[in-house]
Amino acid sequence: MIKDITGFKIFNSRGEPTILIRTTTDRGTFYGSAPSGASVGRYEAKTLNIEKSLRILRRIKVNFIGLREEDFEVLDEMVVQLAGENFENIGSHLGFALSSSFLKAATLNEPYTYFKSLSFPYPIGNVVGGGKHGGGTDIQEFHLIPTKVKSIEEAVWTNIEGIKRIKEELSKLGKLYGKNDENALVSDLDDEKTLEILSKVARELDAKIGIDVAAGELWDHKKGKYVYRKTNKELTPVEQLDFMKELINRWNIYYVEDPFNEDDFKKFSELRKWRKRILICGDDLHATNVKRLKISIKYDACNSTIVKPNQIGTIGSAIKFSEFANENGIKTVLSHRSGETNDWIIADLSLGLSPFIKTGVWGGERLAKLNRLIELWHRIEKPRMAKL
Ligand code: PGA
Ligand code: ZN
C-alpha cells in the first residue's frame with residue numbers, strides 16, 4: 001500500500017532542475033526521476049516549472065495514498081487523468097517521475113520483471129553531435145549501431161571502442177573540440193566529413209551507421225526550407241529528400257531519424273518507399289503518441305519509432321505506445337533525452353519492449369543505462385539479443 005509520496009528538486013546532466021520522486025509503501029522506498037529534451041517537438045507533453053510541479057504534487061498526492069502499489073496500470077492511468085489532455089495540469093516531469101517510481105514500487109525495484117518476454121536491445125550510440133546539442137554539424141546526431149554482436153557487453157564495448165577511434169581521428173586532424181550534452185564528440189567538421197570518419201570506423205568494427213537529422217530544428221516555416229547554417233545551404237522539401245537519398249547511398253546509412261519536419265508524413269513515406277530495407281525512424285513525428293503513430297502507419301511513413309516516455313507523460317502510456325508499434329511491425333527505439341539523470345529505467349523498458357536503445361556511449365548518466373543492461377544480462381537465465 002502507498003503510504004507517502006514526496007518530491008525533491010534535483011538537477012539533470014545539463015544542470016537544469018528536474019524532479020526526483022520518492023514513493024514509500026509497506027514494502028520499501030522507490031525513486032523515479034525525469035529527463036528533459038533540448039530538441040523538443042511540438043507534439044510533446046507540456047513541461048512545467050519544477051517548483052510549480054512540486055506544489056502540484058503536494059496537492060494531488062492524497063489521490064494515491066492508501067492504494068495498492070501492485071496495481072501499476074491503475075496508478076499510471078490516474079496520473080494520465082489528473083494530467084489533462086496535454087499534461088498542462090501537472091507537467092511531464094512530474095508525470096514521468098511519478099509513473100517511474102510506481103513501476104519500481106510495483107516490481108520491487110526490478111521493472112524488467114513487469115514484462116513476459118525479454119530480449120536485449122542493440123544500442124544506437126550517439127558518437128558525434130551537433131545541432132541543438134552543440135557541435136559543428138547541422139545533423140544533430142551520428143550513430144554507431146553494432147547489430148552483429150552476440151552479447152550486450154560486446155555491443156556496449158563496440159560503441160565505446162568506436163567513439164575512442166573517432167576521437168583519435170578528430171584529434172589527428174586538430175578538429176576535436178570536446179563533448180556535447182550527450183557526451184558525443186564535438187568538432188567543426190561538416191556533415192559529410194564526419195560521415196567519412198564514421199563510416200571508416202564502422203567498417204573496422206562491423207557496425208552500422210545511423211543519423212538523427214532532427215530536421216524539425218532545421219525547418220524554417222516561413223521560408224518553407226531546411227536551413228543548414230554550418231554549410232550555408234537552404235533546401236526545399238524536395239531537395240531535402242534528394243539530399244537524404246544521397247547521404248544514404250553514399251554512406252550506406254542504416255538508420256535515419258527525423259529526416260523531415262514533424263508534420264511532413266508525406267515526405268517520410270516517399271523516403272520509406274524509395275528504400276524499404278533501412279530504418280526510417282520517427283521521433284518528433286510521433287512524439288510517443290498512438291494517435292500520431294496511426295497517421296504515420298496510414299502513410300507508411302516509418303518502419304521504426306523512437307519511444308521517449310516523457311514525450312507522452314508517463315511510463316504506462318509509453319508501454320502502450322510501444323506495444324501498439326510492435327503489433328504493427330514498427331521497430332521501437334527506447335530513447336534517453338539529452339538532459340538525463342542517473343536513472344536507468346529505460347534499460348529495463350527496452351528489455352521488454354524494444355530491439356534498440358538509444359543513449360550516449362559514455363558518461364555516467366548514459367552508462368547508467370548501459371551498465372544496467374549488462375548487469376541484467378548476467379542475472380537473467382539464457383539472455384539473448386533481440387531478433388532484427
Ligand atoms: P532531445 O534529443 O532529448 O534533446 O530531444 C534527442 C533526440 O532528438 O533524439
Ligand atoms: Zn531525435
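Start at 1 and go down the list; that is how both ligands and their atoms are numbered.
- Judged as a ring-ring contact (aromatic ring centres under 6.0 Å, His included), not a single pair has a partner in residues 12-39 (not counting sequence neighbours).
- Set against the non-hydrogen atoms of E141, the atoms of ligand 1 under 4.0 Å away are 6 (C), 7 (C), 9 (O).
- In the vicinity of Q140, heavy-atom distances shorter than 4.0 Å reach the ligand 1 atoms 2 (O), 6 (C), 7 (C), 8 (O).
- The protein non-hydrogen atom at the shortest distance from atom 9 (O) of ligand 1 is K358 NZ, 2.8 Å.
- Shortest non-hydrogen contact noted between Q240 and A215 is NE2-CB, 4.1 Å.
- Atom numbering of ligand 1 starts at 1 in the shown order; those under 4.0 Å from a heavy atom of R337 are 1 (P), 3 (O), 5 (O).
- If you number the atoms of ligand 1 from 1 as listed, the ones under 4.0 Å from a heavy atom of S338 come out as 1 (P), 3 (O), 4 (O).
- Considering backbone and side-chain atoms together, K308 places an N or O closer than 3.5 Å to an N or O of ligand 1.
- Taking the six-membered ring for Trp and the full ring otherwise, Y299 and F268 have centroids separated by 6.0 Å or more.
- The closest approach between a heavy atom of K132 and any atom of ligand 1 is not below 4.0 Å.
- Looking at S39 next to ligand 1, an N or O pair under 3.5 Å apart turns up.
- W219 and Y226 have tilted rings, their planes meeting at an angle from 30° to 60° on a 0 to 90° scale.
- Each of the following atoms of ligand 1 lies closer than 4.0 Å to a heavy atom of D283: 7 (C), 8 (O), 9 (O).
- The minimum heavy-atom distance linking N159 with P146 is given by the pair OD1-CD, 3.4 Å.
- When each atom of ligand 1 is checked for a heavy atom of G37 under 4.0 Å away, the hits are 1 (P), 3 (O), 4 (O), 5 (O).
- Using a 30° and 60° split on the angle between ring planes, F72 and Y114 fall in the perpendicular class, above 60°.
- L271 has its side chain within reach of K245: a pair of non-hydrogen atoms, C-beta onward, lies under 4.5 Å apart.
- Test K104, R372, K369 against D343 for salt bridge (Lys or Arg N to Asp or Glu O under 4.0 Å) and you get one pass: K104.
- Considering backbone and side-chain atoms together, A38 places an N or O closer than 3.5 Å to an N or O of ligand 1.
- A salt bridge is absent between K164 and E168; no separation between the charged side-chain nitrogens and carboxylate oxygens falls under 4.0 Å.
- Taking every heavy atom of E257 and a limit of under 4.0 angstrom, the matching atoms of ligand 1 come to 9 (O).
- Protein N/O/S atoms found under 2.8 Å from the Zn ion (ligand 2): D212 OD2, E257 OE2, D283 OD2.
- Two rings, from F102 and F64, have their centers less than 6.0 Å apart.
- Using a 4.0 Å cut-off between charged side-chain N and carboxylate O, K132 and D181 make no salt bridge.
- Ligand 1 has no atom lying under 4.0 Å from any heavy atom of A214.
- Taking the ring centroids of F260 and F265, they lie at or beyond the 6.0 Å cut-off.
- Close approach of ligand 1 to D212 is summarised as follows: ligand atoms under 4.0 Å from at least one heavy atom of the residue are 7 (C), 8 (O), 9 (O).
- Screening I65, T6, T29, I5 for a side chain to side chain contact (heavy atoms under 4.5 Å, CB included) involving T24 leaves a single residue, T29.
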